[in-house]
Every structure is written in structure tokens, then in C-alpha cells.
A.B. asks: 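Sharing a structure, written as C-alpha cells. Questions coming.
So you know, we letter chains A, B, ... as the sequences are listed, proteins then strands, and number each from 1. Every heavy atom of this structure was used, including side-chain atoms; hydrogens, water molecules and symmetry mates were not.
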Amino acid sequence: MAYINLPEENQLPGIRGLMAFRPETARPLNALAEVLLRDENNSLSRGERETIATYVSYLNNCLFCQSVHGAAAQCYLEDDGSLIGQIKENYEKAPISEKLKALLAIAGSVQKGGKNVTNEQVETARDAGASDKEIHDTVLIAAAFCMFNRYVDGLGTWAPADPQVYIPRGIRIAEEGYANYDPMNSIGK
Amino acid sequence: MAYIQLPDNAIGMRGLMAFRPHLAPHLGAFTEGILSIDEGLSKAEREIIGTLVSKLNECQLCEGVHGAVAACYLNDDEALISQIKENYENAPITDKLKSLLAIAASVQKSGKSVSVSQIERAKALGATDIEIHDTVIIAATFCFFNRYLDGLGITPIEDPEVFRERGRMIAKGLGYAPKK
């Protein structure tokens, strides 16, 4: 049970119930998620951006966000879940580019606090081919998920335990995006 | 020195908005929607929440700017803002706001740090669900902005007059939504 009274809470876990509760906040939040994670004017792929979001949500121990965004990342990366699992456990050993590893290290520092990012991490990312825009967007996405995770957990929302439940939502994100998401409409209300 | 090459003469968040201009309207609209409304929590209360969280995150820029906006809404009472940052439980503010600041301070640590007893205290002091919701989203948002600025190594501003001027601009009409 969330800390506040949410509409259709049983059918709307995580941020979905919050979006139904406060649509005026939901609209700009969804627009922000769309531009951060799906905008095509970006040299980081949608899969890479969802991977950063998933990793930060995992570090923040936010079950809902790491599951939804993990499912979206799986869909983009054509992964059955094993790659995302490996990245969460130890991205340094995962079969991903050196650039993405360096960006995940920056994201991991941002999760602790902005001041944890080091010059050395930024240099490593640059040496691995990351552009200023990619470094910027990594910090921005990691920081944004420190918000989304706190929003979802700070109001005590619930999250399904079964990872399979999230897979269709990940596919819908990949197909339809975030901008036009309407939680009530999603459950036929 | 920022970790990335930003346009000259653009300080703080404005430098980042100039670097990635397509993001500016989205961040601006979102910020405007949670800080520049008087429904339930006043604008001053919203800025106080943002200022406290920024102080806890040691983000000098956000603490400075949003503290200045809050002071501007409160007849330039900078002493009150300092008192709240130092020890809000002893500051001359409502018990309801104290209980909401306690929730915000937990959100700063992590979402899971918010406790049922904190929520019950706030509700017992008259906080509505919308006010509790807005407190959590504002506190969470500052965990976002603080990390965004500090994570890119954005240079602090030493002169408090710069904050005051920016605070007046925001409080007296400019707001956060991007202007044409």
C-alpha cells in the first residue's frame, strides 16, 4: 500500500499509480523520459540509455524502475535478460563496449552523489570514444533516475515481483514511447 | 571547471541548457509544474524543500539559487532560510512544514528511507496526500538537479549577490519555463 491514496492502485504499480494521481506532473515527466531515453538526436542508442537507467535503478534498489527499464533495454538489445543481469552484477565483465563500461562507471558515481564523479572517470570515457554530449547525457539520465527511483519508493508504491510481468511493458515502451502514456487508459478506464 | 566544454559566459544550469538546448523546454516545464504553483504547498514552501535537499546534497549552486528564490517569496528573510537549513525543527515555521521537511530529508538519502511514522506525523499535522506527494517529487527532483550540476563539475558561484539577483528574477515573474 502506497503512503497516499492512489487511483486503481492494484492495477497500477510503481510510477503508474502516481501518474494517475497527479496527471499534471505526469505529462512533463513523460515528456522528459521521452526526450532523455528515446529522442533520436542522440548518439547513445536507446538500448544504451535504457541500460544506464536500469543500472542506476538497480543501484538505488528500485525494483519497479529497474524491472521496467530493464525490460525496455532487453527489447532494444534483443536480450533474454541474461545480458542485463550480467551488467547489473558486474558490467566490467559484461560483453559491452569499453565506452559503455566507462559511462556506466560515471553513472554509478552519479548515483552516490554528483561530486563522486572524477576527472579520471571522465578521461577514461573520453579515451574510449565518448563525446561531451554522451558524457553529459549519461550524467543527466543517471541523475534523472535518482529522481524517478526516489519518487516511486519515497511514496511507498508496490512493484510486481515476477520479472516476466514487465516484459510486455518494455515492448510497449520500445514501440510507443513514453510521451503519450496514460495510466488510466492503459487499464481501459 | 566543468568536465565538458560548455558555451562561454553561461553559468550554472543555464550553461547546460545552452549546451543541450533541445532539453531546456522539457526541464523548464517540469520544474515550473512542481515549483511555480501555489496549490496546497505555497511556492515559498516548495523552494524551501528544494533548498534543504540541495544543502543536504552539498550542491552549492542549487542551494544558493533556490534559497534566494525562497527568501524572495518571504520578504527577503534570508535569516529564516539559514535557520531552516541549520535546524528546521527549531525554526519558526509550521509543524506541518517541519514534518514535510523530515520526509524530504529522508528522500535525499533514498526513497526507501521515508518511514510510515514520518508520513503519519505529516498527515496528523494536516498534510494532504497532494502535499505529501509534492514534497516527495520536489525532494526527488533536487536529487536529480544537484547530481546533474555536480556530476558535470559545474563551477560554483561565490558572490551571493548573483544568487539574489537570479532569485528575484525567478520569483518575480520569470519562473522556470523557457521564454521565447
A.B. asks: Between B:Asp134, B:Ile103, B:Ile37, who has the most heavy-atom pairs with chain A when the cutoff is under 4.5 Å?
C.D. replies: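 Most pairs with chain A among the choices: B:Asp134.
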A.B. asks: Would you find more than 12 non-hydrogen atoms of other residues, nucleotides or ligands less than 6.0 Å from A:Asn90 atom CG?
C.D. replies: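 Result for CG/A:Asn90: enclosed.
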A.B. asks: Tell me, out of B:Phe145, B:Phe144, B:Phe19, who's got the most heavy-atom pairs with chain A below 4.5 Å.
C.D. replies: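 Of the candidates given, the most pairs with chain A belong to B:Phe144.
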A.B. asks: Output the option from A:Asn60, A:Asn61, A:Ile106, A:Ile135 having the highest count of non-hydrogen pairs under 4.5 Å with chain B.
C.D. replies: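 Winner by heavy-atom pair count: A:Asn61.
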A.B. asks: Taking it one step at a time, do A:Arg126 and B:Ile4 satisfy side chain to side chain contact (heavy atoms under 4.5 Å, CB included)?
C.D. replies: CA-CA 10 Å; A:Arg126 217 169 255 137; B:Ile4 55 176; 4.1 Å; yes
A.B. asks: If you count heavy-atom pairs under 4.5 Å with chain A, which of B:His22, B:Arg147, B:Glu58, B:Glu120 comes out on top?
C.D. replies: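 Most heavy-atom pairs within the cutoff with chain A belong to B:Arg147.
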A.B. asks: Hey, is CD on B:Glu161 packed in by over 12 heavy atoms from elsewhere, all under 6.0 Å?
C.D. replies: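 Correct, the count exceeds 12.
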A.B. asks: Side chain from CB out, backbone as N, CA, C, O: work out which of these in A:Val110 comes under 4.5 Å of a heavy atom of chain B, or both, or neither.
C.D. replies: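 Both backbone and side chain.
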A.B. asks: Please determine whether side chain to side chain contact (heavy atoms under 4.5 Å, CB included) holds for the pair B:Arg20 and A:Leu140, giving the CA-CA distance in whole Å, both sets of side-chain angles, and the decisive distance to 0.1 Å.
C.D. replies: CA-CA 11 Å; B:Arg20 285 297 252 165; A:Leu140 181 61; over 6 Å; no
A.B. asks: Taking atom CG as the centre, does B:Asn87 end up with more than 12 heavy-atom neighbours from other residues, nucleotides or ligands that are less than 6.0 angstrom away?
C.D. replies: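 More than 12 heavy atoms, drawn from other residues, nucleotides or ligands, come within 6.0 Å of this atom.
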A.B. asks: At a 4.5 Å cut-off on heavy atoms, which part of B:Lys123 comes close to chain A: side chain, backbone, both, or neither?
C.D. replies: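 When you check distances to chain A, only side chain atoms of B:Lys123 fall under 4.5 Å.
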A.B. asks: Look at the rings of B:Tyr148 and A:His136 and say which category their plane angle falls in: under 30° parallel, 30 to 60° tilted, over 60° perpendicular.
C.D. replies: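 B:Tyr148 and A:His136: perpendicular rings.
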A.B. asks: What part of B:Leu149 lies closer than 4.5 angstrom to a heavy atom of chain A: side chain, backbone, both or neither?
C.D. replies: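 Neither part; nothing is under 4.5 Å.
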A.B. asks: Testing the basics here: between A:Pro28 and B:Phe30, what is the closest heavy-atom pair and its distance to 0.1 Å?
C.D. replies: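 Shortest heavy-atom contact: CB-CA, 3.7 Å.
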A.B. asks: Is there a path of hydrophobic side-chain contacts, each under 4.5 Å between heavy atoms of I, L, V, M, F, W or Y residues, that connects B:Val116 with B:Leu101?
C.D. replies: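 Looking at the clustering, B:Leu101 is in the same group as B:Val116.
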A.B. asks: Spell out, as yes or no, whether a donor-acceptor pair under 3.5 Å connects the side chain of B:Asp129 to the backbone of A:Ile4.
C.D. replies: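 Pair absent, no side-chain N/O of B:Asp129 close to backbone of A:Ile4.
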A.B. asks: Are B:Ile154 and B:Ile11 linked, directly or through other ILVMFWY residues, by side chains that come within less than 4.5 angstrom of each other?
C.D. replies: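 Both belong to a single hydrophobic cluster.
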A.B. asks: Mind checking the CD-OH spacing from B:Gln118 to A:Tyr3? Nearest 0.5 Å is all I need.
C.D. replies: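 It comes to 8.5 Å.
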A.B. asks: What's the separation between atom CG in A:Leu32 and atom OG1 in B:Thr31, rounded to the nearest 0.5 Å?
C.D. replies: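 A:Leu32 CG to B:Thr31 OG1: 8.5 Å, rounded to 0.5 Å.
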A.B. asks: Contact part of A:Lys133 toward chain B, heavy-atom cut-off under 4.5 Å: side chain, backbone, both or neither?
C.D. replies: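 Both backbone and side chain of A:Lys133 come within 4.5 Å of chain B.
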A.B. asks: Of the backbone (N, CA, C, O) and the side chain (C-beta and beyond), which part of A:Thr118 lies under 4.5 Å from a heavy atom of chain B, both, or neither?
C.D. replies: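 Backbone only.
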A.B. asks: Has B:Tyr3 got a side-chain atom pairing as donor or acceptor with A:Val117's backbone, closer than 3.5 angstrom?
C.D. replies: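 It does hold such a pair.
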A.B. asks: Can you name the residues of residues 38-52 of chain A that have some heavy atom under 4.5 Å away from a heavy atom in chain B?
C.D. replies: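 Hits under 4.5 Å: A:Asp39, A:Asn41, A:Asn42.
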A.B. asks: Is B:Ile137 close to chain A through its backbone or its side chain, or both, or neither, when contacts mean heavy atoms under 4.5 Å?
C.D. replies: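 Backbone plus side chain of B:Ile137, per the 4.5 Å heavy-atom cut-off to chain A.
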A.B. asks: Most heavy-atom pairs under 4.5 angstrom with chain A, which of B:Ser110, B:Gly33, B:Ser113?
C.D. replies: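 Highest number of pairs under 4.5 Å: B:Ser110.
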A.B. asks: What part of A:Arg27 gets closer than 4.5 Å to chain B, counting heavy atoms only: side chain, backbone, both or neither?
C.D. replies: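 Neither part.
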A.B. asks: So which bits of residues 146-167 of chain A come within less than 4.5 Å of chain B, counting non-hydrogen atoms only?
C.D. replies: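 So the qualifying residues are A:Cys146, A:Met147, A:Arg150, A:Tyr151, A:Asp153, A:Gly154, A:Leu155.
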A.B. asks: Is atom CD of A:Glu92 surrounded by more than 12 heavy atoms (other residues, nucleotides or ligands) closer than 6.0 Å?
C.D. replies: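 Yes - once you tally the heavy atoms of other residues, nucleotides and ligands closer than 6.0 Å, there are more than 12.
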A.B. asks: I'd like to know whether CG of A:Asp127 has more than 12 heavy-atom contacts from other residues, nucleotides or ligands below 6.0 angstrom.
C.D. replies: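 Check passes, neighbour count above 12.
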A.B. asks: Does any backbone or side-chain atom of A:Gln111 lie under 4.5 Å from a heavy atom of chain B? Answer side chain, backbone, both or neither.
C.D. replies: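 Only the backbone of A:Gln111 comes within 4.5 Å of chain B.
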A.B. asks: Counting only heavy atoms closer than 4.5 Å, note whether A:Asp137 contacts chain B via side chain, backbone, both or neither.
C.D. replies: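 Just the side chain, heavy atoms under 4.5 Å.
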A.B. asks: Non-hydrogen atoms of chain A under 4.5 Å away: do they reach the side chain of B:Leu23, the backbone, both or neither?
C.D. replies: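 Interface part for B:Leu23: side chain.
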A.B. asks: Who wins among B:Gln5, B:Met1, B:Gln108, B:Lys112 for the most heavy-atom pairs under 4.5 Å with chain A?
C.D. replies: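 Maximum pair count with chain A is reached by B:Lys112.
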A.B. asks: Would A:Arg22 and B:Glu39 pass as an ion pair if we require N to O under 4.0 Å?
C.D. replies: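 Salt bridge present between A:Arg22 and B:Glu39.
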A.B. asks: Under 4.5 Å, counting heavy-atom pairs only, tell me which of B:Asn146, B:Ile34, B:Ile130 racks up the most with chain A.
C.D. replies: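 Looking at each option in turn, the highest pair count goes to B:Ile130.
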